[in-house]
Each structure stands twice: as C-alpha cells, then as structure tokens.
Amino acid sequence: MNFWLIKSEPAVFGFSDLQAVAAEPWNGVRNYQARNFLRQMRRGDLCLFYHSNAKPPGVAGVAKVVREAYPDDLQFDPQSPYVDPASTPQNPRWSAVDVAAVAPLPNFLPLAVLREVAELAAMPLLQKGSRLSVMPISQAQFVVTVRLGGLDDLAQQLEAGCG
DNA sequence: GCCAACGTTGGC
DNA sequence: GCCAACGTTGGC
C-alpha cells in the first residue's frame, strides 16, 4: 500500500464535503508531476486530506482511493475551467481518481504544528516552495500524522501490518 | 535551446 | 494584500 497527501481548498471542497458523498472524483489536476502521482495510486491507498488556503491550513482527515486513474472528464468539457483543447478522447492528457472519506482527524493538525514534528521534516508538503496538490508520503509519516491527529486505532493497525 | 514574461499556488 | 516559488508560454 502507498500513502499520499492530497490538497483541497475547504471553501471549494473540504473534508466535510467528502464525508457527505459516497465517493468523489479527484479531477482538475493540471500539473504533470501531480498527474503522474495520481496514475500511481492504487485502490485502497490512504491519503491525508489537507486543507490549503484555509485559516489555518492543515490536515483534516483521511481518505482512500476507491477507483484508479481514468481520463478526467473535465478536460473535454468546454464549460469547465479545466478544459484542455489539446486533449482528445483518443489521447487524454489528464487523469482523475475517485476517493472516499475514511475518517476525520479528531484533532485537526495545523500546518504550523506539522512543522514542529521532527519525524515529518522530510514530508514534501513541508519543503520550501512545495506546491504540488498530490504528493507521496511514507508510511511512517502517515502513521505519525494520524496518531497525532487522534486516530490511534488506524495508526496501530498500520504498524501491525494489517492495515 | 534559452530565457523573459506571465500566471498560479498558497502561506503569511 | 503581499510575495516567494514554481510552471508554462512563446519569441528569438
């Protein structure tokens, strides 16, 4: 299993919005590096759900991948701001996955708190200039984060290897 | 292929 | 609102 961090602006789509639906297409990603990470996602992979452009920004919950990469519909939609005229159904440029909520963090973890955790110092999110909306993280980083966030059971399951 | 200009992200 | 960092575009 792999672990990821995905960003969303809560004013647009926050973790509570994810909890309100069975699954949500993670589309509109228009950065090649982020797209390539989307394509590496596998069913069952777990994601930290990060609120960007928020007050405060931080990790709000845990989500999981429920459908692996498929062509992002929005690239063909002339009405969408995410349309890409250079993309064709025969050769789609952009991908989406579907994600579903697993659990909210009982303790929301603000970015400022994450920065103080030594075990998380290498997380891509915390690197200078990091702007990717989808990034890989290690299992250790995921476990440390969800434990800090109050999901002790999930942390324990993953450490026991039966996650 | 270089690089300046521009747009976007996202914390503060 | 500001601005640093980064990606993309397009002229040459």
Side-chain angles (χ1 to χ4, degrees), chain A residues 2-21 24-41 45-65 69-138 140-142 144-151:
Chain A
N2 290 307
F3 299 87
W4 310 92
L5 183 145
I6 58 178
K7 289 183 190 173
S8 186
E9 303 191 18
V12 178
F13 190 88
F15 192 75
S16 60
D17 297 307
L18 187 64
Q19 290 178 280
V21 296
E24 179 73 10
W26 211 253
N27 51 22
V29 172
R30 295 293 178 269
N31 170 284
Y32 286 105
Q33 208 180 339
R35 180 204 67 180
N36 293 341
F37 288 138
L38 282 183
R39 291 180 175 177
Q40 291 170 29
M41 287 182 167
D45 283 0
L46 293 175
C47 310
L48 298 176
F49 193 107
Y50 178 85
H51 282 177
S52 62
N53 255 322
K55 295 178 179 179
V59 177
V62 173
K64 67 180 172 187
V65 177
Y70 59 95
D72 179 348
D73 296 335
L74 300 181
Q75 68 196 309
F76 308 122
D77 180 358
Q79 306 303 318
S80 169
Y82 298 109
V83 67
D84 185 345
S87 197
T88 64
Q90 291 72 33
N91 189 17
R93 180 177 291 181
W94 304 110
S95 299
V97 300
D98 287 356
V99 297
V102 172
L105 292 194
N107 314 316
F108 177 85
L109 287 179
L111 178 60
V113 169
L114 298 177
R115 289 196 189 284
E116 291 168 359
V117 182
E119 296 98 313
L120 300 180
M123 272 215 303
L125 176 76
L126 304 181
Q127 305 316 303
K128 189 175 180 181
S130 154
R131 295 192 324 188
L132 279 182
S133 59
V134 179
M135 41 186 125
I137 63 174
S138 71
Q141 290 161 350
F142 184 90
V144 165
T145 305
V146 297
R147 177 167 286 129
L148 272 175
L151 293 177

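Quick note on labels: first sequence line is chain A, next is B, and so on, each numbered from 1. What you see is a predicted model; the values in this text were computed from it and never measured.
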Check each of A:Arg35, A:Arg30, A:Arg93 against A:Asp72 using the side chain to side chain donor-acceptor pair (under 3.5 Å) test, and report the only one that passes.
-> A:Arg30
Pairwise side-chain contact, A:Cys47 with A:Met41, heavy-atom cut-off 4.5 Å (strictly under) | yes
Separation of B:dT8 P from A:Lys7 NZ (nearest whole Å) = 16 Å
Just jot down the side chain to side chain donor-acceptor pair (under 3.5 Å) partners of A:Glu9, sequence neighbours excluded, or say none.
-> A:Asn53
How many Å lie between CG on A:Leu114 and P on B:dC12, as a whole number?
-> 11 Å
C:dG7 P sits how many Å from A:Gln33 CD, rounded?
-> 7 Å
Nucleotide C:dT8, atom P - distance to CZ of A:Arg35 in whole Å = 11 Å
Out of C:dT8, C:dA5, B:dG11, which nucleotide sits closest to the side chain of A:Arg131?
-> C:dA5
CZ of A:Arg30 versus C1' of C:dC6: gap in Å, rounded?
-> 19 Å
Establish, with yes or no, whether the OP1 or OP2 oxygen of B:dG11 is under 4.0 angstrom from a side-chain nitrogen or oxygen of A:Tyr50.
-> yes
For a side-chain contact (heavy atoms from CB on, under 4.5 Å) with A:Thr145, tell me which candidate from A:Leu120, A:Ile137, A:Val62 qualifies.
-> A:Leu120
Can you tell me the distance, in whole Å, between the CG atom of A:Asp84 and the P atom of C:dT8?
-> 12 Å
Given atom NZ of A:Lys128 and atom C1' of C:dA4, what is their separation to the nearest angstrom?
-> 8 Å
Between B:dG10, C:dT8, B:dC12, which one does the side chain of A:Leu111 approach most closely?
-> B:dC12
May I have the distance from A:Glu9 (atom CD) to B:dT9 (atom C1'), rounded to whole angstrom?
-> 8 Å
Against the side chain of A:Pro57, the closest entry in C:dT8, C:dA5, B:dG11 is B:dG11
